[in-house]
Protein chains: 2
Amino acid sequence: MAHADNGRTRILDSAAAVLRQKGLAGAKLSEIAKGAGMLAPSIYHHFPSKDHLVEEVMMEGIYRNNRHIMSRVEGMGPGTSPMVRLRTAIVAHVDFLLTGDDYSSAVARIFDDLPEEMRKRVLAAYSSFDNYWRDLIVAAQADGTGSKALDATVVRKFLIAMLDSCSSWYRPGKLSPAQIAEQAADLLLFGFAAERP
Amino acid sequence: MAHADNGRTRILDSAAAVLRQKGLAGAKLSEIAKGAGMLAPSIYHHFPSKDHLVEEVMMEGIYRNNRHIMSRVEGMGPGTSPMVRLRTAIVAHVDFLLTGDDYSSAVARIFDDLPEEMRKRVLAAYSSFDNYWRDLIVAAQADGTGSKALDATVVRKFLIAMLDSCSSWYRPGKLSPAQIAEQAADLLLFGFAAERP
DNA sequence: GTCTATAATCAGATAGAC
DNA sequence: GTCTATCTGATTATAGAC
């Protein structure tokens, strides 16, 4: 929450919000600048190009999501079972997206559209996060509560795609973010559980 | 397979392939034209604008996917249980995406980036398909094999997001498209099943 | 650190020959 | 039905005043 209200931070916040909502090509510098209370050319005093700005939003989004989920999971104590840890991670991820972190939502939205070179760098930063999910899944398979019939990589890809999607279709109404998060965890974890009907 | 090799069809095929791979903004008319063996301005003899071309690709993608899944499910006969029908639909959807239909993959990739007005029209065309999934889910809940604790809309959204994602991360190798499809069905359907461990 | 020009670029679209 | 040449508009980026 160390939110210095300087120009640079305002630009990043605005860029995250616009990227989340409009996608990469749809996010015009003029609109980002407007959200930061300035005009487009002023951005260049803080960032050398649109690409640099976008990349910083991506890195920040990964960092925030990563930190949020890890702190929720690690806060449970060392004795917690893999399945409970996995559930906590799923709920934390959905909750974080839906309660409005623009940075992590922007990552989910535009990652596939990033230019080749940037995507490689962002992917590298993302890999520690990816490994974290993989470890949770593998740990559940190792202790016998997660199905070994399912491929850990496939489970991780499907899981993340499913969770990331919710920021694009969720609208407040019948169900709260917390309820969506619980349904996601139920749908995935009973499916991933080793004991089958 | 009525594949008339006329210019119009070649342009549509090329557009679907490029849109699938590069996204909406990344799909340049020059590249689409190149894939159709012509130069960019020639496209305008067949389509009044890029938007019209893109919209036609979207409509065709929805139609193809729709027809493919429905024919596989309806081919099972009227006595088939809702859960088995749902499994068939899931497998058919993943299989269709991964065995390379550019049109349906293009829909999954660029739908969120479409301009507002076009997205409304495409969504309207998509709704019959959406309803088809919803009916399958609701039928399984009604006969007691699908969990009533889960919201049918949430299940549908998560399910489609999960399935659609695979065309962006799947690479031939360890697992075949058919195996990915089976894993998706297992993960989702055991999670959706009413009887819980 | 932000502004008012303005340049440079690029992609969609048009005109008209063949 | 496709081409070459060109136009238009939008958007990123720069120059230089304040």
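Each chain gets a letter, A, B and so on, in the order its sequence line appears, and its residues count up from 1.
Rounded to a whole Å, the CZ atom of A/Phe47 is 21 Å from the P atom of D/dT11. In this entry the distance linking NZ of A/Lys28 with P of C/dT9 reads 19 Å, nearest Å. To the nearest angstrom, C1' of D/dT11 lies 8 Å from NZ of A/Lys50. For A/Met38 and D/dA13, the CE to P distance is 16 Å, given to the nearest whole Å. Atom CD1 in A/Ile32 sits about 14 Å away from atom C1' in D/dA13, given to the nearest Å. The CG atom of A/Leu53 sits 10 Å away from the P atom of D/dA13 (whole-angstrom rounding). Regarding A/Ile43, its CD1 atom lies at a distance of 10 Å from the P atom of D/dA13, rounded to whole Å. Taking atom NE2 on A/His52 and atom C1' on D/dT12, their separation rounds to 14 Å, with Å as the unit.
At a threshold of 4.0 angstrom between heavy atoms, the contacts of B/Ala25 with the nucleic acid are absent. Nucleic acid contact class of A/Ser49 (heavy atoms, under 4.0 Å, all strands): sugar-phosphate only.
Side-chain N/O atoms of B/His46 include one lying less than 4.0 angstrom from OP1 or OP2 on D/dT2. Not one side-chain nitrogen or oxygen of A/Ser42 sits closer than 4.0 Å to the OP1 or OP2 atom of C/dG1.
Under a 3.5 Å cut-off, the side chain of B/Arg134 and the backbone N or O of B/Ala152 do not form any donor-acceptor pair. Side chain of A/Glu31 to backbone of A/Gly26: no donor-acceptor contact under 3.5 angstrom is found. Between the side chain of B/Arg85 and the backbone N or O of B/Val73 there is no donor-acceptor pair closer than 3.5 Å.
Classification of A/Glu74 and A/Arg67 as a salt-bridged pair fails, no side-chain N sitting under 4.0 Å from a carboxylate O.
A residue-by-residue look at A/Asp51 and B/Leu39 shows that B/Leu39 has its nearest nucleotide of DNA chain D further toward the 5' end.
Counting only heavy atoms from C-beta on, B/His45 has its side chain closest to D/dG1 among D/dG1, C/dT14, D/dT14. Closest to the side chain of B/Tyr44, out of D/dT11, C/dG12, D/dT12, is C/dG12. Side-chain proximity of A/Pro41 to C/dT2, C/dA5, C/dG12: nearest is C/dA5.
By the 30° and 60° cut-offs, the orientation of the rings of B/Trp133 relative to B/His93 is perpendicular.
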